[in-house]
Structures are given as structure tokens and as C-alpha cells.
J.: 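This is the structure I want to talk about, given as C-alpha cells.
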Protein chains: 2
Amino acid sequence: MSDRPDLAAMLYPLVRTLIALELPVLAEHEVSMWGYSVLTALDETPVRTQAALAEAIGADKSRIIGTLDELQDAGLIERTPDPADRRVRLLSITTQGRRIRRSVRRAIHLQEDRLLAKLTRIEREAFLRALRTLHEAR
Amino acid sequence: MSDRPDLAAMLYPLVRTLIALELPVLAEHEVSMWGYSVLTALDETPVRTQAALAEAIGADKSRIIGTLDELQDAGLIERTPDPADRRVRLLSITTQGRRIRRSVRRAIHLQEDRLLAKLTRIEREAFLRALRTLHEAR
DNA sequence: TATTGTTATACTCTATAACTATA
DNA sequence: TATAGTTATAGAGTATAACAATA
């Protein structure tokens, strides 16, 4: 693994660029970054406690409460007490939540594709494959 | 560019993992993240005003002042008024600063290599090449 | 007593705007 | 007046701990 710049030194600015591209998209849809993260997690695996959800998206359980309030007020998720254990709130994404999530996703991918266009098709596929491997291996 | 997870959703946790790996290394060498960033920038292109340096590492000029104070106190950089324009501070890395920077760099690369080991040699080279392209294209 | 969700508090980062010293 | 560096202030984001309801 010959001489190379630090990984983080290349990745960090890249992430900042991506976030800068995505914030306007999120603002248009009136969803926060954490809100989008929650919608994505719920769309992929529906029922969960809030603590498990927080864990899944790398946040503290206390940190996502405001986000959940907003999403619920906007009708994008449902949060109902579990009859079996009334301490627990069962979480699920609504039809509209799913619609919003997919719309944001499409728009974000369009932005990302502008960046990925710097690579050839072959390079791009190799990059994304490696990235997935690293992401899943964590 | 077929169906795939969001780029940021994969990159962001990866960066967090990297930072978590690197913080102990930095702490051992008694250098902050910004401090290391400054040393790296100065080691690669020596003379600069503080504002230009801040710009180069993606920080605000007011934000790096504490960092520069620390580095100077530790003897890792020099900060001397420019005789030609006494508003300006000429910045340079010291021999010891260069030594520390390289030592940190080696240790960080060792940590990073543990992550990159999840990839085959071919994948790793393709990944790093693509990453460089994206980093430089920004 | 332990756990889920919630609220409150303190702490760190960051951005902005004043301030000084030079030009 | 404008610029380089500095300091001060306020705001956002985050982590931690305390709290109420339920088990």
C-alpha cells in the first residue's frame, strides 16, 4: 500500500462536498439530515424501538427525539405505544413518508451522479463495490 | 448507475470509523486533528499567511489560531512577522514538527491499512485511485 | 430494580462580528 | 480605507445525566 495521502484527508472533504450538495435537496423537501436518515432506516426495516433505531443510525436515543417529533407532526412516520409493553413506541413509516423518502433519494442520487461522473464506468463500479465492502465490513 | 445506497450514507460512517482509529494516535503524539492538518499542509508547501493556510485546510482563519499557538508552543512550527509587511505572519514547519508529522502519518497509515485489508490488492488500488480522482476533481 | 422514552444541563465546535495593528 | 491577525460572543450540535412511566 504504497505512499498515498491520508484516507481521512481525502474522504472528509468529499463528505463535506456531498453534504453541501444534499442540504438544498433536503430543505426543498422540508426534511432534516437526521430525518432523512430515520426515514431511510424505517423504510428498509419497519418496526423498531426508538433506542434500536437510534443505534442503527449511529445516534444517541435522546438525540433523535426532536427529529421523530417533526417527522410525526409532518405525517411521515407513526409512533404508537406497544400494547404489549407500554414503555415502547412502535415506529413505522407512512405511505407519504415513503413517498418523500424516495423522492429525496432520487434527487440526492442525481447530485451524487454529478460527482461520480468524474470516473469512468469501470472506475465507478469498482469504487462503489469497494465502498460497499468497506461499509459492510465495519 | 444502478440502484445503490446513498454515497454519503456509506462514506459518513466510514469517516467516523477512521477518526475513531486516528484520535488515539494523535493523542499519543499530543497533536490535535487540526494541528496534524496544519503540519501536513505546511510540510507540503512551506510559506503562507495564516488566512491562506486556513483556506487550504478548509477552516476559518479565526478557528486555527489556538491550534497555531499550541503548535508554536510545542516547537513544531515557527510564526515570524514578515519584515516586508508586519501584519503578516510567515509560517513554517520546524524539523521537529516534520518529524512528528511523519511519525503520526506512519501510525495513521498503519491503522488505515487495517481497514483497507478488507479489500483485495486490485480492489484497494482501484479504490484509492478513484478516491484520488474524486478528491482532486472537487 | 431495570428499562423506554423524555427532558435538562453542560460542553464542544463553529460562525460571525468586533477589535488592533499595520498598510 | 483596507487587510492580517486576534479576541469575544452567540449559536448549533452533541453527550451526559437526571427523570417519569412502566415492567
Side-chain angles (χ1 to χ4, degrees), chain A residues 8 12-13 15-20 22-24 26-27 30-38 41-42 45-73 77-92, chain B residues 8 12-13 15-20 22-24 26-27 30-38 41-42 45-73 77-92:
Chain A
Y12 193 79
V15 167
R16 305 235 324 201
T17 301
L18 282 171
I19 290 177
E22 295 176 6
L23 282 182
L26 293 167
E30 296 181 359
V31 180
S32 71
M33 189 87 72
W34 284 113
Y36 177 60
S37 180
V38 165
L42 286 182
T45 46
V47 192
R48 278 225 207 71
T49 71
Q50 294 186 185
L53 172 64
E55 159 93 40
I57 64 176
D60 190 86
K61 63 174 177 158
S62 70
R63 209 162 78 190
I64 63 169
I65 295 203
T67 302
L68 294 179
D69 290 344
E70 286 168 21
L71 291 174
Q72 188 175 24
D73 290 348
I77 66 167
E78 274 174 355
R79 184 158 51 157
T80 57
D82 183 349
D85 179 348
R86 298 208 340 271
R87 292 173 304 181
V88 172
R89 308 274 172 271
L90 296 174
L91 299 171
S92 61
Chain B
Y12 192 79
V15 167
R16 305 232 328 198
T17 301
L18 283 170
I19 291 178
E22 294 175 9
L23 282 180
L26 293 167
E30 295 181 357
V31 180
S32 70
M33 188 87 73
W34 284 113
Y36 176 61
S37 180
V38 164
L42 286 182
T45 47
V47 193
R48 281 227 206 70
T49 70
Q50 294 186 187
L53 172 65
E55 158 93 40
I57 64 176
D60 190 87
K61 63 173 177 158
S62 70
R63 210 162 77 190
I64 62 169
I65 295 203
T67 303
L68 295 179
D69 291 345
E70 285 169 22
L71 292 173
Q72 187 175 25
D73 290 349
I77 67 167
E78 273 173 356
R79 184 158 51 156
T80 57
D82 184 347
D85 179 347
R86 301 208 336 273
R87 292 173 306 180
V88 171
R89 308 272 172 275
L90 296 174
L91 299 171
S92 61

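Throughout, protein chains are lettered first and strands after them, A, B, ... in sequence-line order, and every chain is numbered starting at 1.
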J.: For the pair made of CD1 in B/Ile19 and P in C/dT12, what is the distance, rounded to whole Å?
T.: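 Result: 18 Å.
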J.: Take A/Ala51 and B/Arg87, find for each the nucleotide of DNA chain C with the closest heavy atom, and name the residue whose nucleotide sits nearer the 5' end.
T.: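 Nearest nucleotide further toward 5': that of A/Ala51.
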J.: Give me the atom names and distance for the closest heavy-atom approach of B/Ser92 to B/Leu42.
T.: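 So the two residues come closest at C-CD1, 4.2 Å.
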J.: Hey, is the side chain of B/Trp34 poking within less than 4.0 Å of OP1 or OP2 on C/dT12, counting only N and O atoms?
T.: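 For B/Trp34, the contact criterion (side-chain N or O under 4.0 Å from OP1 or OP2 of C/dT12) is not met.
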J.: Round to the nearest Å and state the distance from A/Met33 atom CE to D/dT14 atom C1'.
T.: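 Going from A/Met33 (CE) to D/dT14 (C1'), I get 15 Å.
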J.: Rounded to the nearest Å, what distance is computed from the NZ atom of residue A/Lys61 to the P atom of nucleotide D/dT14?
T.: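 Checked: the NZ to P distance equals 18 Å.
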J.: Which heavy atom of A/Ile64 sits nearest a heavy atom of A/Ala54, and at what distance?
T.: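 So the minimum-distance heavy-atom pair works out to CD1-CB, 3.8 Å.
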J.: Of all the heavy-atom pairs spanning B/Ala8 and B/Pro13, show the shortest one and how long it is.
T.: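 Result for this residue pair: O-CD, 3.9 Å.
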J.: Between B/Thr49 and A/Arg86, just flag the one whose closest nucleotide in DNA chain D comes earlier from the 5' side.
T.: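 It is B/Thr49, whose closest nucleotide lies nearer the 5' terminus.
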J.: Take atom CG of A/Asp82 and atom P of C/dT4, then tell me their distance rounded to the nearest Å.
T.: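 Rounding to the nearest Å, CG of A/Asp82 and P of C/dT4 are 12 Å apart.
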J.: Can you work out whether A/Pro83 or B/Asp69 has the more 5'-proximal nearest nucleotide on DNA chain D?
T.: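 Result of the comparison: B/Asp69.
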J.: Remember a base hit wins even if backbone is also touched, and classify B/Asp60 as base, sugar-phosphate or nothing at under 4.0 Å, heavy atoms.
T.: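 Base, at least one base heavy atom under 4.0 Å.
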J.: Can you tell which of C/dT6, C/dA23, C/dG5 lies closest to the side chain of A/Arg79?
T.: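 Per side-chain heavy atoms of A/Arg79, the pick is C/dT6.
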J.: For DNA chain C, whose closest nucleotide is more 5', that of B/Ser62 or that of A/Ile65?
T.: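 Result of the comparison: A/Ile65.
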J.: Calculate the interatomic distance between B/Asp85 atom CG and D/dA4 atom C1'; express it in whole Å.
T.: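 Taking atom C1' of D/dA4 as the reference, CG of B/Asp85 is at 8 Å.
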J.: From CG of A/Leu23 over to C1' of D/dA12, roughly how many Å is that when rounded to an integer?
T.: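 In whole Å, D/dA12 C1' and A/Leu23 CG are 14 Å from each other.
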J.: Determine the minimum heavy-atom distance between A/Ser32 and A/Glu70, stating which atoms define it.
T.: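 Heavy atoms of A/Ser32 and A/Glu70 come nearest at OG-OE1, 4.4 Å.
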J.: For B/Ala41 and B/Ile57, which heavy atoms make the closest approach, and how far apart are they?
T.: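 So the two residues come closest at CB-CG2, 3.8 Å.
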J.: Rounded to whole Å, how long is the line connecting atom CZ of A/Arg89 with atom C1' of C/dT6?
T.: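 That distance rounds to 9 Å.
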J.: Which whole-number value in Å describes the distance from B/Arg63 CZ to D/dA12 C1'?
T.: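 Distance check: B/Arg63 CZ to D/dA12 C1' gives 13 Å.
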J.: Is the distance from OP1 or OP2 of C/dT14 to the nearest side-chain N or O of A/Arg16 less than 4.0 Å?
T.: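 For A/Arg16, the contact criterion (side-chain N or O under 4.0 Å from OP1 or OP2 of C/dT14) is not met.
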